[in-house]
Amino acid sequence: MPKTRVGVFVCHCGNNIGGVVRVPEVVEDARHLPNVVCVEDNLYTCSEEGLSSIKEQIAEQNLSRVVVASCTPRTHEPLFKEACEEAGLNRYLFEFVNIREHCSWVHRHDPARATEKAKELVRMGVAKARYLEPQEEFESEVFPAALVVGGGVAGMTAALSLANQGIQVYVVEREEKLGGLVRELRTLFPTEQDTGELLSPLMEQVRGHPQITVYLGSEVENVEGFIGDFQVTVGSDGQNSELQVGTVIVATGAQELRPSGMYGYSTLPNVVTQLEFEESFKSGADLPPNVVMINCVGARVPERTYCGRFCCSTAIKNAIWLKEQDPDAKVSVLHRDVMAYGVDIEDSYRGAMELGVRFLRYDIQNPPQVLGAKRAEAVKVQHQLMGKEVILPADLVVLTTPLVPREDSERLSKMLKVPLGTEGFFLEAHLKLRPIEFSTDGIYVCGSARYPSSIPESVSQAYAAAAKAGIPIRDGSVRVEAITVFCDERTCSACGNCVEVCPFGAVELEEGKFGRIASVSVAQCKGCGCCVAACPSGAMQQRGFDDRQLLSMIGALAEGMVSGGGR
Amino acid sequence: MAVEGSETGGNGFEPKILMFACNWCSYAGADLAGVSRLQMPANCRVIRVMCSARVRPEFVITALSKGLDGVVVLGCHPGDCHYSEGNYFTRRRGLFLKKLLEYVGIEPERFQVRWVSASEGAKFADTVAEVTRQVKALGPNRPRRNAQ
Ligand SMILES: Cc1cc2nc3c(=O)[nH]c(=O)nc-3n(C[C@H](O)[C@H](O)[C@H](O)COP(=O)(O)OP(=O)(O)OC[C@H]3O[C@@H](n4cnc5c(N)ncnc54)[C@H](O)[C@@H]3O)c2cc1C
Ligand code: SF4
Ligand code: SF4
Ligand code: SF4
Ligand code: FES
């Protein structure tokens, strides 16, 4: 058998790694590892230059394994595997070592120990790489339909976009109507457009599209399966329907924070939220002459640190609307900062000032106070520029609150096995590199389910999610990572432990050449490795994570420790 | 709280700790700690596995008998395992392993099972700091092994 030839590529990641870890020392250390025939360092291994250097070395040095020590496999592994494949090396002969997220970024003040750790991580990676084997990927069919959970602006846009590609779409909406939060709004920034103008045609198109089936008053009750073949149970009025889909889009939106107990909300009748304000004037309530809005209520505070992103825009929109209805109305907006981002909203902000809306900055240490016992009568605020207290009469106090996650998002997150972030919104795979996908293949997210998003933002995310969710369906199949398990017929004792523990029913006992043995259905195996750890005879092994590979990593880490030479 | 830079105990002992992290939750949590630049002691080395349930007891025993000072298995919170049930096996195996370690004369505290989700970068950093402190307090694993 030809000798294993390992190439190691250590990345500086500009200054991200190289600014802490002493890369030349890591390179030098790697040179002396068994089977290592070439070691390089790159400024950016993932750049065009870095990738071609991997390909060149594979050819020149006849490499049979490639190890890259850089960032995280969760974002960059496919890139490097592709480079290997392009140079004729099976993509499973590649091993990733993380010396950025797990080293340089978290040990910034200790270059010496970060360097030692990086060396050890590379030794472990090389040790595993020596035992890697080429693998063939298995193709799995994708069922040609998609599920969209939530029928707001984001969900409807995504559904239409998929359906217009000829894909069958199921939309599951909990309410009896499509439209989501926007249905409750009066007009929309930045165009001051009437809500119906945007919503009615969208709802009509969704309802009338031959490729879209809408389930109203319905909830997703259960989801099983993986990309290409999800089995979904949809419940409406105690009745369940079973759907089969290839991909799933989460578009469940968010809800407005109801700030109970703050600024007299829920005790004083004329203290309302922006959404309640819009709802009441949609149905033509009398206009109040004096209105005070308080921004950032329940946002950018220790218990909810994020900015609601567009709630300033909502306040500006509603302030302008009031001034347009009644130019004599006194409208004040008390804020901490005005987040009038982008081109149009900054224009509206200026427009509001021109119309005479007063913007006053308050200090969170000394917040405004709503005065009045039975009703709000005025708002007292410390005027920061004038350096004194002012009292603003108020017939109506409007609290600007951020969108918060839907109370039951956790249920859906558990069903789909996709994470929520600390704030409780759905958490994408990577903020910059994979913004509308989850790390779980075949599931995507758009709109306010991800974080507060305005309509234009929700719509563009919906297009992106639909494009992504359409790819596997149009391809008709996905390549399944070869991390499945196999059973060694000679050592299997047919104890059946593996059959017992497999969560996917992928193993059965069958008659084989050497008697009864465990037999794995590769199409069903998801590569968790539960059965491998449960096998008493070491007969079950996982591709890419077999015992030899993992034990060799442990061995490399512990090298020299027992004999006293450890560091 | 995550600790800035390295923690050096009075005796200068720096334990070496092996961590297994499942791909879906804990490895992502560790990545998030990195992206957030949370600083932590440099004593832990992570091996990525697809699910915490892949870690067979032999790995833990081997690591400790080769002189590593501690082994930690990190997985998704119970109920959140990407493969539904994997971490229940991890939890059961963990209890059994602690008993086994006690039986063979290794401090069971050298082995720990913890849950860290993809959004818990801070919990990952705290876990690293905490187990480092605990294992440091136990002292080196190696000399005792040499003496045996
Ligand atoms: C007061 C206020 C004013 C606003 N003004 C503007 C504006 O002027 N201009 C602008 O661009 N944006 C505005 N917005 C923002 C706008 O509301 C959002 O951009 C929009 O709602 C996002 O759409 P979505 O589809 O992501 O979510 P949503 O509108 O929240 O829709 C989600 C849908 O999913 C359904 N759902 C939730 N969970 C489930 C489940 N488990 N199963 C089934 N169905 C489920 C819900 O019933 C809902 O119909 C405003 C928001 C507020 C609060
Ligand atoms: S958008 Fe404005 S009101 Fe909303 S949280 Fe951000 S700063 Fe506060
Ligand atoms: S690796 Fe997991 S899914 Fe595959 S056969 Fe084993 S237990 Fe089942
Ligand atoms: S657990 Fe191992 S020995 Fe038992 S049946 Fe499965 S493969 Fe065979
Ligand atoms: S995938 Fe995280 S514990 Fe199973």
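Chain letters run A, B, ... following the sequence lines, proteins first, then strands; residues in each count from 1.
Of all non-hydrogen atoms in A/Phe545 and B/Arg48, the two that sit nearest each other are CE2-O, 3.2 Å. Scanning both residues, A/Cys530 and B/Gly86, for their nearest heavy atoms gives SG-CA, 3.9 Å. A/Lys417 approaches B/His82 most closely through the heavy-atom pair CD-O, 3.3 Å. In terms of heavy-atom proximity, B/Leu38 sits nearest to A/Val106 at O-CG1, 3.1 Å. The shortest non-hydrogen separation linking B/Arg93 to A/Ala534 is NH2-N, 4.0 Å. Of all heavy-atom pairs between B/Met50 and A/Gly527, the closest is CB-O, 3.4 Å.
For A/Tyr131, the OH atom is loosely surrounded, since the number of other residues' heavy atoms within 6.0 Å does not exceed 12. The environment of CD in A/Glu423 is crowded: more than 12 heavy-atom neighbours from other residues, nucleotides or ligands sit within 6.0 Å. Within 6.0 Å of the CD atom in A/Glu410, the count of heavy atoms belonging to other residues, nucleotides or ligands does not exceed 12.
Contacts of A/Leu420 with chain B are made by backbone atoms alone, with heavy-atom separations under 4.5 Å and no side-chain atom involved. With a 4.5 Å cut-off on non-hydrogen atoms, A/Val501 touches chain B through its backbone and its side chain both. With a threshold of 4.5 angstrom between heavy atoms, B/Val55 approaches chain A through N, CA, C or O but not through any side-chain atom. Both the backbone and the side chain of B/Phe59 come within contact range of chain A, with heavy atoms under 4.5 Å apart. Residue B/Cys76 does not touch chain A at all, counting heavy-atom pairs closer than 4.5 Å. Looking at B/Ser84, the atoms closer than 4.5 Å to chain A (heavy atoms on both sides) sit in the backbone and in the side chain alike. Contact annotation for A/Ser413: neither backbone nor side-chain heavy atoms come within less than 4.5 Å of a heavy atom of chain B. The part of A/Phe226 that comes within reach of chain B is its side chain, from C-beta onward, which places non-hydrogen atoms under 4.5 angstrom from that chain.
Among the residues in residues 18-26 of chain B, those with a non-hydrogen atom closer than 4.5 angstrom to a non-hydrogen atom of chain A are B/Leu18, B/Phe20, B/Asn23, B/Trp24.
Two residues are said to be in side-chain contact when any heavy atoms from C-beta on lie closer than 4.5 Å; A/Thr72 and B/Val35 fail this criterion. In this structure, B/Val46 and A/Asn98 have side chains that are not in contact, with every pair of non-hydrogen atoms separated by 4.5 Å or more.
Atom CD1 of B/Ile61 and atom CD1 of A/Ile554 lie 11.0 Å apart (nearest 0.5 Å). Taking NZ of B/Lys123 as the reference point, atom OG1 of A/Thr422 lies at 14.0 Å (rounded to 0.5 Å). Note that the CZ atom of B/Arg37 and the CG atom of A/Asn16 stand 6.0 Å from one another [nearest 0.5 Å].
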**Request:** Please lay out, stage by stage, how B/Asn43 and A/Arg113 fare under the test side chain to side chain contact (heavy atoms under 4.5 Å, CB included).
**Result:** CA-CA 9 Å; B/Asn43 301 70; A/Arg113 294 184 64 220; 3.1 Å; yes
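Checking side-chain atoms of A/His107 against main-chain N and O of B/Met40 turns up a donor-acceptor pair under 3.5 Å. Not one N or O on the side chain of B/Glu120 forms a donor-acceptor pair closer than 3.5 Å with the backbone of A/Gly421. With hydrogens and angles ignored, the 3.5 Å screen pairs a side-chain donor or acceptor of B/Gln39 with a backbone N or O of A/Arg108. In terms of modelled atom types and a separation under 3.5 Å, the side chain of B/Lys16 and the main chain of A/Leu557 share a donor-acceptor contact.
The stretch residues 529-556 of chain A participates, sequence neighbours left out, in these salt bridge (charged side-chain N to carboxylate O under 4.0 Å, His left out) pairs: A/Glu133-A/Arg548, A/Asp546-A/Arg548, A/Asp547-B/Arg54, A/Asp547-B/Arg56.
Ranked by heavy-atom pairs under 4.5 Å with chain A, the list B/Pro57, B/Ala33, B/Gly121, B/Cys81 is led by B/Cys81. For the set B/Ala28, B/Gly79, B/Ser117, the entry with the most heavy-atom pairs within less than 4.5 Å of chain A is B/Ala28. Your options are A/Lys526, A/Arg100, A/Arg74, and the one with the most heavy-atom pairs under 4.5 Å with chain B is A/Arg74. Of all the listed residues (A/Ser439, A/Cys531, A/Gly555), the one sharing the greatest number of non-hydrogen pairs under 4.5 Å with chain B is A/Ser439.
Using cut-offs of 30° and 60° for the angle between ring planes, the B/Tyr27 and A/His102 rings count as tilted.
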